[in-house]
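Note that this is a predicted model, so its numbers are computed, not measured. Letters go in sequence order (proteins before strands), and every chain restarts at 1.
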2 protein chains.
Amino acid sequence: MNCLSVAPIQSSHPPASRTRSSAPRIALDSIDLEILKNLQQDGRISKSQLAERVNLSASACFERMRRLEQQKLILSYHANINVRVLAQYEVFFAELTLKSHRIYDFDRFERHVAKLGPVAECYALGGGIDYLLKVITTDIESYQEIIEDLLVADIGIERYCTYICTKMVKTTGGIPLQAVL
Amino acid sequence: MNCLSVAPIQSSHPPASRTRSSAPRIALDSIDLEILKNLQQDGRISKSQLAERVNLSASACFERMRRLEQQKLILSYHANINVRVLAQYEVFFAELTLKSHRIYDFDRFERHVAKLGPVAECYALGGGIDYLLKVITTDIESYQEIIEDLLVADIGIERYCTYICTKMVKTTGGIPLQAVL
DNA sequence: TGGTCTGCCGAATTTAGTTCGGCCAGCGGG
DNA sequence: CCCGCTGGCCGAACTAAATTCGGCAGACCA
């Protein structure tokens with residue numbers, strides 16, 4: 001039973017293109033791409049070092065970097081913190097299905113979960129389930145509380161299914177540039 | 001059918017504690033925590049600005065930051081790139097089950113998928129399925145190729161199930177500190 | 001009390017960030 | 001063909017940040 005579920009995307013889902021159409025493709029030269037790749041790898045590299053790596057003067061590199069930030073090609077910078085050393089936490093995945101599929105039902109649900117701190121990620125899916133949530137809490141009890149809060153919040157959840165993460169085999173921050181360019 | 005699946009973690013799974021025990025908890029004072037939170041939010045803030053925010057002199061802040069990096073509490077820094085503007089891509093989630101659950105089977109599978117560039121994330125799960133993969137490719141065809149490569153690679157996959165992401169409702173980089181401290 | 005240790009401050013120095021003027025190549029119009 | 005415009009680059013000059021260093025103050029212990 002290999003259910004490659006590409007087809008049955010509920011038509012009432014906010015289409016993916018809505019999110020995407022707001023961002024028309026931009027053409028960059030190879031130096032800009034190199035800058036982006038370097039900053040994705042090392043977000044705190046100095047501008048002068050970066051200039052060396054892409055074979056540019058510091059000032060030229062400075063201008064390009066500022067342009068990339070202004071054009072919102074670089075959205076933000078983040079430190080990757082070793083949280084495991086600081087605190088106990090558990091990662092859960094919850095698959096959810098809604099009772100009905102009007103655009104209002106999706107919006108209500110999405111606005112609700114987006115506000116929840118422990119909900120680290122939320123994806124609308126095609127193929128049998130409506131949403132996948134990644135929830136991070138200190139322990140199972142806190143997770144259960146969040147689920148119960150969701151169920152009593154009257155945001156149209158029909159059913160859910162939880163998987164607990166027992167090992168993070170691979171994690172990368174964001175989209176691997178080399179895989180999509 | 002609300003299947004909160006906490007219990008049946010296969011005993012042959014690498015126990016989560018194995019990954020965690022190598023990282024004994026470290027106690028930090030409130031200033032260190034403030035530094036970490038600020039750097040998680042803005043990974044490229046200048047050390048002098050950071051010093052202001054946490055009410056420290058630049059040199060004291062400098063020493064703390066260097067210590068946090070040396071202690072591997074700060075693992076890395078990354079720029080968040082607006083990839084949607086650069087390239088077309090699709091996000092897929094694949095749930096996989098292995099044919100048999102010896103430690104060797106898990107290791108072989110994990111080593112294989114960890115090497116694949118389009119596999120952005122991989123989690124071992126408890127509760128009916130063995131692994132959840134997040135795969136990012138340019139289109140459905142590329143995804144299908146990756147799946148087929150996995151199936152012919154003879155790494156013990158019994159079955160899989162794909163969900164395509166139609167909307168990224170919420171994404172955060174990493175673990176939300178305020179949710180687990 | 002005296003010694004040691006830790007973490008902080010602030011001055012001094014080194015390095016990086018930023019601005020600016022000028023150069024050069026490419027382009028389009030007279 | 002020549003002219004002027006433009007965009008992007010370089011490098012010098014300046015400003016700001018990073019880093020080093022000496023010394024001070026409080027905590028701790030003998």
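The stretch residues 35-47 of chain B does not touch DNA chain C, since none of its heavy atoms comes less than 4.0 Å from the strand. A heavy atom lying under 4.0 Å from DNA chain D marks the following residues of residues 52-76 of chain A, by number: Leu56(A), Ser57(A), Ser59(A), Ala60(A), Arg64(A).
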Go through Phe93(A) and Ile164(A) one step at a time and tell me if the side chain to side chain contact (heavy atoms under 4.5 Å, CB included) criterion holds. CA-CA 6 Å; Phe93(A) 290 95; Ile164(A) 187 168; over 6 Å; no
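Partner of Tyr160(A) under the side-chain contact (heavy atoms from CB on, under 4.5 Å) criterion, out of Leu133(A), Leu151(A), Thr97(A): Leu151(A) alone. Screening Glu63(B), Lys47(B), Arg64(B) for a side-chain contact (heavy atoms from CB on, under 4.5 Å) with Leu56(B), the sole residue that qualifies is Arg64(B). With Leu150(A) as the partner, the side-chain contact (heavy atoms from CB on, under 4.5 Å) test is satisfied by one option alone out of Val113(A), Val135(A), Val119(A): Val113(A).
Here Tyr77(B) and His78(A) keep their ring centres 6.0 angstrom or further from each other.
Val180(B) has its side chain within reach of Ile136(A): a pair of non-hydrogen atoms, C-beta onward, lies under 4.5 Å apart.
Applying the 6.0 Å contact sphere to CD of Gln41(A) captures no more than 12 heavy atoms from other residues, nucleotides or ligands.
One atom, CG of Asp29(A), and another, C1' of dG8(D), lie 10 Å apart when rounded to the nearest Å.
Ion pairing of Arg159(B) with Glu95(B) is absent here, as no side-chain N (NZ or NE/NH1/NH2) approaches a carboxylate O to less than 4.0 Å.
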